[in-house]
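Okay, structure first, notes after.
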Protein chains: 2
Amino acid sequence: MATELTVLEPVSTSCCSPVTGGVLSDAEARSLAARFKAMGDPSRLRLLSLIAATESGEACVCDLNESLDLSQGTVSHHLGILVKAGLLTRTKRGQWSFYALVPGAMSTLARALDA
Amino acid sequence: MATELTVLEPVSTSCCSPVTGGVLSDAEARSLAARFKAMGDPSRLRLLSLIAATESGEACVCDLNESLDLSQGTVSHHLGILVKAGLLTRTKRGQWSFYALVPGAMSTLARALDA
DNA sequence: TCGAGGCATCGACAATCGTCAATGTACGCG
DNA sequence: CGCGTACATTGACGATTGTCGATGCCTCGA
């Protein structure tokens, strides 16, 4: 039912508790894993790349729904997960919902892999 | 169900810019997602960080098993997943199995997040 | 005011996951 | 040889996941 992962740490400014830079605490591991888990699905990765590839930097569900061979409800579900993971933002404008990448979210994640 | 009537291309349908450009292919998305999924678990992230933090760059199950509050079988299971994902290597030496990071695996993943 | 389009949410389902205890396998040492 | 250690594998389980169809909620335009 209700997802249990309540936590959002919207912005962990603590740039990186890098995976390769010292032993991760329990909390750090959970926070990082939550974001990696959100990217651990092909459909969600394609959603991210579709949004990133748009000219305006955002896309509405109607477009994404056409590109991915998934039902509208499923696409909405995936987008919600990406928002909750702090990777996307949702902006309602008129009739449409526009999704855009959270600036720096990917880079922060990337930096957690290098250090 | 689908209406047969020829539609008129309503002008207002252009709600957003067309999604084009470098989108992930199905295979690319699956390959990337598999690796991210492997990192989408706190226990596995801690395993990675524990191994990365070792002086020699490798660790055996007995050490890791003590650091994570998990059964030996579970640790072995997680390590197997990380090996299968291409993030760790396994080397049997005598009585022990030593796990080490695959050089460059993390960086490659990190680079996939920046582009 | 009504109808239709865009989207989120719900309920259900099979599939997969994380975990454990128990068992199996290989090695090293008396 | 027989025993103990280190690890892998198995079988089972509850929990979570990805997906769908159906339904509900807004917003817009006629």
Side-chain angles (χ1 to χ4, degrees), chain A residues 1-6 26 29-30 33-34 36-47 51 58-85 88-100, chain B residues 1-3 5 7-16 19 26 29-30 33-47 51 58-85 88-100:
Chain A
M1 320 288 181
T3 45
E4 199 32 292
L5 268 189
T6 28
D26 211 43
R30 251 199 296 267
F36 281 129
K37 185 146 86 171
M39 307 191 56
D41 180 85
S43 300
R44 288 197 287 270
L45 281 186
R46 299 195 71 190
L47 283 172
I51 294 173
E58 56 182 15
C60 62
V61 183
C62 56
D63 282 341
L64 300 169
N65 196 22
E66 288 175 2
S67 305
L68 295 191
D69 201 25
L70 293 174
S71 78
Q72 176 267 315
T74 299
V75 170
S76 199
H77 170 65
H78 283 312
L79 290 169
I81 289 179
L82 290 170
V83 168
K84 185 168 274 186
L88 288 184
T89 60
R90 177 160 92 82
T91 309
K92 239 179 180 171
R93 211 150 60 227
Q95 207 169 354
W96 297 280
S97 276
F98 290 89
Y99 288 87
Chain B
M1 297 309 172
T3 57
L5 298 170
V7 199
L8 307 169
E9 269 305 310
V11 181
S12 64
T13 36
S14 64
C15 62
C16 3
V19 180
D26 210 44
R30 249 198 293 268
R35 280 172 285 176
F36 282 129
K37 184 148 86 173
M39 306 191 58
D41 180 84
S43 300
R44 288 198 287 270
L45 280 187
R46 299 194 71 190
L47 283 172
I51 294 173
E58 56 181 15
C60 62
V61 182
C62 54
D63 284 342
L64 300 169
N65 197 21
E66 287 174 4
S67 305
L68 296 193
D69 201 26
L70 293 175
S71 77
Q72 176 266 316
T74 299
V75 171
S76 200
H77 171 65
H78 282 313
L79 290 170
I81 289 180
L82 291 171
V83 168
K84 184 169 276 187
L88 288 184
T89 59
R90 177 161 91 82
T91 309
K92 239 180 180 171
R93 212 150 59 227
Q95 209 168 352
W96 297 279
S97 277
F98 289 89
Y99 288 86

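Letters go in sequence order (proteins before strands), and every chain restarts at 1.
The side chain of B:Val61 lies closest to D:dC7 when the candidates are D:dC7, C:dA8, D:dT17. For B:Trp96, taking side-chain heavy atoms from C-beta onward, the closest of the listed nucleotides C:dC20, D:dC7, D:dG18 is D:dC7. Listed candidates were C:dC7, D:dG18, C:dT19. Nearest to the side chain of A:Cys60 is C:dC7. Comparing atom distances between the B:Lys37 side chain and each of C:dG18, C:dC17, D:dC28 picks out C:dC17 as nearest. Counting only heavy atoms from C-beta on, B:Leu70 has its side chain closest to C:dT19 among D:dG4, D:dC7, C:dT19.
Phosphate contact (OP1/OP2 of D:dC20, side-chain N/O of A:Ser71, threshold under 4.0 Å): present. Phosphate proximity of D:dA8 to B:Ser97: present, with a side-chain N or O under 4.0 Å from OP1 or OP2. Taking only side-chain nitrogens and oxygens, B:His77 never comes nearer than 4.0 Å to OP1 or OP2 of C:dC20. A:Ser76 has no side-chain polar atom (N or O) that falls below the 4.0 Å cut-off from OP1 or OP2 of C:dT9. Distances shorter than 4.0 Å separate some side-chain N or O of A:Thr74 from OP1 or OP2 on D:dC20. In this structure, A:Tyr99 does not reach the C:dG6 phosphate: none of its side-chain N or O atoms is under 4.0 Å from OP1 or OP2. At D:dG18, one or more side-chain N or O atoms of A:Arg44 fall inside 4.0 Å of OP1 or OP2 (strictly under the cut-off). One finds no side-chain N or O of B:Arg90 lying less than 4.0 angstrom from the OP1 or OP2 phosphate oxygen of D:dC7. Remark: A:Ser43 is in phosphate contact with D:dT19, judged by side-chain N or O atoms under 4.0 Å from OP1 or OP2.
The shortest heavy-atom contact between B:Ala33 and A:Pro42 is CB-N, 3.5 Å. The minimum heavy-atom distance between B:Arg46 and A:Asp26, with the atom names listed, is NH1-OD1, 3.3 Å.
Taking 3.5 Å as the limit, the base of D:dA8 and the side chain of B:Gln72 contain a donor-acceptor pair of atoms between them.
Toward the 5′ end of DNA chain C lies the nearest nucleotide of B:Ile81, the other residue of the pair B:Gly73 and B:Ile81 mapping further downstream.
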